[in-house]
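Just so you know, ligand 1 is whichever comes first in the structure, and atom 1 is the first atom listed for that ligand. Quick caveat, the model's predicted, so the values are computed rather than measured.
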Amino acid sequence: MPLADFPRVPLAHLPTPLEHLPRLSKHLGGPGIYVKRDDCTGLATGGNKTRKLEFSMAEALQRGADTIVTVGAVQSNHVRQTAAAACKLGLKCEVLLEHRVVDPSEYYSNSGNVLLDRIFGANLREYPGGTDFDEAMSDVAAEVTANGGKPYLIPGGASNPVGALGYVNCAMELLQQLDERDLDIGHIVTATGSAGTQGGLIVGLKAMKSAIPLLGIGVNAPTEEQEQKVYELACETAEYIGKPGIVAREDVVANCDYVGEGYGIRTEGMNEAVLMLARLEGLLFDPVYSGKALAGMINLIRTGSLGSGDIVFLHTGGAAALFAYADQLHL
Ligand SMILES: *Cc1c(COP(=O)(O)O)cnc(C)c1O
């Protein structure tokens, strides 16, 4: 089924710009580096979840839902964009917030994304790390139903085949930009977490018969587990758009060497990358996802592991979380 036939509600400013980063490219002395600005999707400081939510929210509306139920970490960018989208569409938003960071600072608990969630009036419920969220989500949905509401559940990161359609579409948009500008790209690099971004992108690239390698840089799980998660979602997404079998296991490549001590925990490489991009290009990246992915890309360029072809780095957004890490960044 062509993408245009899936229900979709406009939330994002598209197409997002594709920009060359001449000062970063020169500084690293390797390939030319471009950035696909999905931090500029426009909804409540932007980010990658907005593309996914165009499809998830449309399905919610189509099903007559009046309440969105979703889940994420305290500093989830997904939750912040979902809370904003719910406001824009006149829906209620129930949020399950997971405490994934041990001993959080005052900034982490109250600033950045969670401050914005509160501004959007989302109903925040807090849970300890490691909670079974399948069960907790259905409990909240049952409560909404018992109170006469109609819930629609969006999984963490909106990473299911519906949400991943946003990144199938992004791959097509990017390929068109490369074509129009006659750019020959050696690698596309993105942060990968709940897998919808990388999974959707690989489906879009394969559907368009593109051979550009896609590298996901992990922020959470070990490599094998991350690749398997992306592969499974990519297969489901390919099937969902009526193109089963277009993604092979070896198309899914992740590098999870830059996670550090764990999800949301600062690394020296992230700190260096965030400051480098800010001070060379005036761009803001985040400590949890895009900053760690950049740290990976920078290291792989320095070691010559990405080859000499130009690189497109997908900027997935998240700068709102910088404020939550005010005491963690060494400036
Ligand atoms: C969610 C998120 C990602 C990861 O995308 P997934 O689709 O969850 O893999 C990357 N960067 C930022 C800023 C995010 O919020």
Q.
Taking CD in Glu180 as the centre, count heavy atoms belonging to other residues, nucleotides or ligands within less than 6.0 Å. Is the count above 12?
A. yes
Q.
Checking the N or O distance criterion of under 3.5 Å, is ligand 1 in contact with Thr316?
A. yes
Q. Mind checking whether Gly157 has an N or O less than 3.5 Å away from an N or O of ligand 1?
A. no
Q: Taking only heavy atoms of Thr197 into account, list the atoms of ligand 1 that are under 4.0 Å away from them.
A: 5 (O), 6 (P), 7 (O)
Q | Gln198 N/O under 3.5 Å from ligand 1 N/O | A | no
Q. For atom 8 (O) of ligand 1, which protein heavy atom lies nearest, and how many Å away is it?
A. Ser194 OG, 2.5 Å
Q. Is the shortest distance from a Lys or Arg side-chain nitrogen in Arg125 or Glu143 to a carboxylate oxygen in the other one below 4.0 Å?
A. yes
Q) Is it true that the NZ or CZ of Lys36 lies under 6.0 Å from the centre of Tyr167's six-membered ring and within 45 degrees of the ring axis? A) no
Q. Does the side chain of Met57 reach to within under 4.5 Å of the side chain of Leu91, using non-hydrogen atoms?
A. yes
Q. Taking 4.0 angstrom as the limit, do Arg279 and Glu281 come out as a salt bridge?
A. no
Q) Which protein heavy atom lies closest to atom 5 (O) of ligand 1, and at what distance to 0.1 Å? A) Asn48 ND2, 3.1 Å
Q.
So which atom in Ala254 and which in Glu227 form the shortest heavy-atom distance, rounded to 0.1 Å?
A. N-OE2, 2.9 Å
(Q) Please confirm whether Ser159 approaches ligand 1 to less than 4.0 Å, judged on its heavy atoms. (A) yes
Q.
With heavy-atom distances below 4.0 Å as the criterion, list the atoms of ligand 1 near Thr192.
A. 9 (O)
Q: Kindly determine whether His99 and Tyr127 satisfy ring-ring contact (aromatic ring centres under 6.0 Å, His included), including the steps that lead there.
A: CA-CA 6 Å; His99 283 276; Tyr127 296 78; 9.3 Å; no
Q | Winner among Lys52, Gln75, Lys292 once heavy atoms are compared against atom 7 (O) of ligand 1 | A | Lys52
Q | Lys49-ligand 1 polar pair, N/O distance under 3.5 Å | A | yes
Q | Basic-acidic side-chain contact under 4.0 Å: Arg51, Glu173 | A | yes
Q: Could you check Val79, Thr82, Asn123, Ile68 and say which one makes a side chain to side chain contact (heavy atoms under 4.5 Å, CB included) with Val95?
A: Val79
Q) Relative to the heavy atoms of Gly193, which atoms of ligand 1 are at a distance of less than 4.0 Å? A) 4 (C), 6 (P), 8 (O), 9 (O)
Q.
I want to know if ligand 1 touches Asn77 in the polar sense, i.e. an N/O pair below 3.5 angstrom.
A. yes
**Q.** atom 13 (C) of ligand 1: the protein heavy-atom neighbour that sits closest, reported with distance to 0.1 Å
**A.** Gly317 O, 3.1 Å
Q: For Asp286, counting its heavy atoms only, list the atoms of ligand 1 lying under 4.0 Å from any of them.
A: 13 (C)
